[in-house]
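Along the sequence shown, residues carry numbers from 1.
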Amino acid sequence: MNTYLNTGIELAYLTAAALFILGLKKLGSPATARKGNTLAAGGMLIAIVATLLNQSVLNYEWILVGIIAGSLIGAIAAQKVAMTDMPQMVGIFNGVGGAASALVAVGEFWRLLNATGTVPLDATFIAILGVLIGGVTLTGSLLAFAKLQGLVSGSPVTFPLQQLFNALLLASFLAGSVYLLIEPANSTIFLTLTAISLLFGALFVLPIGGGDMPVVVSLLNSLSGLAASAVGFILYNNMLIVAGALVGASGLILTQIMCKAMNRHLTNVLFGAFGGDSTAVGGGAGGAEIDKTYRSIDCDEGAMMLGYARSVVIVPGYGMAVAQAQHGVRELASQLEKMGVDVKYAIHPVAGRMPGHMNVLLAEANVPYDRLYDMDDINTEFDRVDVALVIGANDVVNPAARNDNASPIYGMPIIDVDKANHAIVIKRSMRTGFAGVDNELFYKDKTTMLFGSAQDVVSKLVGEVKQL
C-alpha cells in the first residue's frame, strides 16, 4: 500500500510540475494570463494535497491552522491591496518565501543534530545554502518593501567602505561555512551564519535606489525560488526542487528583461547607487544645452487635438498608476473611438513598477488586449501618428536616450513619442524622472504640456471630448 501511495504522490507532483510550466507559458501574454494563473494555482493545490498524504506529516491540526490563516491573509490582501502596490506585495511574498525556506533549513539541521549528535556533510551544505539564500531574501525583501512603500528613503544609502564591509561579511560567512562543514556539530557557528545572512540581505539592498527596487524584487523572487529548491534537497521533496527551480529561472529571466529595457547591467543596478538626488541635465547630442521653453495647454485645447485626430497613441506611465487613472483613460479612448479615432496603447517594459504593470492596470479597466502594443511593435508607427498622449511617463519617452551620449539613460530603449506629429504630456510638474535628467521631449515644438493629476486631467478631457 505504501508503494502505491508513494507512486501516487510522485505522479501528483509530476502533474503539478506540468501545470506550473503551462501556467508560466500562458502568463507570458495578457490574453492568457488569467488562465495561466488558474493552471498554476491548480498545480499548487495538487502539490499541497499530495504532500498532506505523505506519511511523514506529523500534525495535521497545525497544518490546517496554517492553511486557514494563510488563505485568509491571501484573500484579504488580494482584495485590499491596490494595483500600484503590487510590487510591495510581491516583495513581501518573496520575503515570506525566503523566511520559510530558512526556517526549514534551520529546523532540519536542528532535528538531525538532536537525533544523531551530528549532521551529514550533504545536509550541512544544503542547510548553509538554505539559510544564506533564505536569509538574504527575507531581509532584502523587507527592505525593498519599505523603500517602495516610502517607509525608508528611496535614495541609495551608502557609507564609507561599504563594499569592503560587505565583502568582509561575505568572507566571514564563507569561512564559517567551511568550519561548519568540518565540524557540523557546532550549532553556535550555524546560528552565527544565519545572523550574517540576515544582515547581509539588508546591506545588499540598502545602497540601491527606490526606482531600481522592481529589479531587486525580481531578483529576490528568483532567490526565493532557489532557496525553496535547496530546501527540497534537504527534505527529499521533488516538488519543492522543481517548483523552486522554475521560480528561480523565471525570476532571473524577468530580471534580465528589465535590465535590458533600461540598458543597464545588473551589476550597475546592484552596485551603482543609481537614482539618488541628481542634478544631471539632459542635453542635445554630446550634452549640449537645450532650450527649456515649453508650451502648456488646457483641457479644452487638448480635447480638440485628440478629438480631431485620425490616430492617437496613449503612452501610460507610473504617474497613471499612482493617480489610478486607468478607468478614465479607458473612457477617454472609448469616446475617441466613437468619433472615429484609431486609438492604441504603447507599453514600455519598465513603464510601471514591474514588467506588465501597465498591462495589468489597463486590463483591470477592460482595455482590449489587441489595443496594447509592445514598444518594439509600436515604434515603427509613430511617423504616422497624429497625437501621442503621454500620461505620467518620463524617462521611457526621453529622446536623450538616443541623442545625448552624456546622459545617464543614453542607450536605453524608449518609446519614440517625439516622432509623432504632436505630443501631449500629462504631468504634475516639470520635475525630472527617476534618472534625474530633464526630458528633451517636453521642450520640443511639437510637444504641449497639460499639467495636473492624471485622474483629474483625464476626467476633464473626457468631458470636453463629449462636447465636441
Side-chain angles (χ1 to χ4, degrees), residues 12-13 15-17 19-24 26-27 30 32-54 57 59-104 134 137-146 148-149 151 213-214 216-218 220-229 231-232 237 239-240 242-244 246-248 250-251 254 321 324 352-357 359-361 363-364:
Y13 284 163
T15 302
L19 288 173
F20 288 158
I21 294 171
L22 288 173
L24 281 172
K26 291 187 178 297
L27 284 170
T32 58
R34 288 186 178 181
K35 187 175 181 180
N37 201 35
T38 302
L39 287 173
M44 181 57 70
L45 178 61
I46 293 172
I48 291 173
V49 171
T51 301
L52 291 176
L53 293 175
N54 197 317
V57 175
N59 192 312
Y60 283 100
E61 289 80 7
W62 280 111
I63 291 176
L64 183 60
V65 169
I67 290 175
I68 293 174
S71 299
L72 286 174
I73 293 171
I76 293 171
Q79 292 293 326
K80 298 294 185 182
V81 175
M83 286 306 304
T84 49
D85 293 335
M86 279 297 116
Q88 293 94 303
M89 189 175 182
V90 173
I92 286 291
F93 283 166
N94 292 342
V96 171
S101 299
L103 287 172
V104 171
T137 303
L138 170 60
T139 53
S141 296
L142 290 178
L143 189 55
F145 164 81
L148 285 170
Q149 192 66 20
L151 302 176
M213 281 302 108
V216 176
V217 168
S218 178
L220 291 171
N221 179 43
S222 176
L223 292 179
S224 70
L226 295 178
S229 191
V231 167
N237 188 295
M239 186 71 263
L240 266 179
V242 173
L246 287 173
V247 173
S250 59
L254 186 59
Q324 290 287 289
R353 280 293 182 252
M354 61 198 317
H357 199 179
N359 301 69
V360 173
L361 285 172
E364 181 189 25

* Asked: With side chains defined as the heavy atoms from C-beta onward, is the minimum distance between Val49 and Leu52 less than 4.5 Å?
  -> no
* **Taking every non-hydrogen atom, the tightest pair across Tyr13 and Asn237** => OH-ND2, 3.3 Å
* Can you tell me how far the NZ atom of Lys35 sits from the CG atom of Leu22, to the nearest 0.5 Å? -> 9.5 Å
* Asked: Shortest non-hydrogen contact from Val247 to Ser224?
  -> CG1-OG, 4.2 Å
* **Shortest non-hydrogen separation from Phe20 to Met44 and the atoms involved** => CE2-N, 3.3 Å
* If you measure from OG on Ser141 to CG on Leu223, what distance do you get to the nearest 0.5 Å? -> 8.0 Å
* **Close side-chain approach of Asn94 and Leu138, heavy atoms under 4.5 Å** => no
* Asked: So how far is it from Leu24 CG to Leu39 CG, rounded to the nearest 0.5 Å?
  -> 10.5 Å
* Asked: If you measure from CG on Leu53 to CD1 on Ile48, what distance do you get to the nearest 0.5 Å?
  -> 12.0 Å
Could you list the donor-acceptor pairs under 3.5 angstrom formed by side chains in residues 62-80, with sequence neighbours left out?
from	atom 1	to	atom 2	distance (Å)
Ser71	OG	Ile67	O	2.7

* Once you round to the nearest 0.5 Å, how far does CG of Asn37 lie from OG1 of Thr32? -> 11.0 Å
* Considering all heavy atoms, the nearest Ala16-Ala47 contact -> CB-CB, 4.0 Å
* Asked: Side chains of Met239 and Thr51: closer than 4.5 Å at any heavy-atom pair?
  -> no
* Is there a donor-acceptor pair closer than 3.5 Å between any side-chain N or O of Thr38 and the backbone N or O of Arg34? -> yes
* Minimal non-hydrogen separation, Asn221 against Gly251, with atom names -> ND2-CA, 4.2 Å
* Asked: Considering residues at least two apart in sequence or located in another chain, which fulfil the side chain to side chain donor-acceptor pair (under 3.5 Å) criterion with Asn359?
  -> none
* To do: Show your working on side chain to side chain contact (heavy atoms under 4.5 Å, CB included) between Leu142 and Ile92 and close with a plain yes or no.
  => CA-CA 6 Å; Leu142 290 178; Ile92 286 291; 4.1 Å; yes
* **Residue pair Ala144 / Val217: nearest heavy atoms and the distance that separates them** => CB-CG2, 4.2 Å
* Identify, with sequence neighbours excluded, every residue that meets side chain to side chain donor-acceptor pair (under 3.5 Å) alongside Ser218. => Thr255
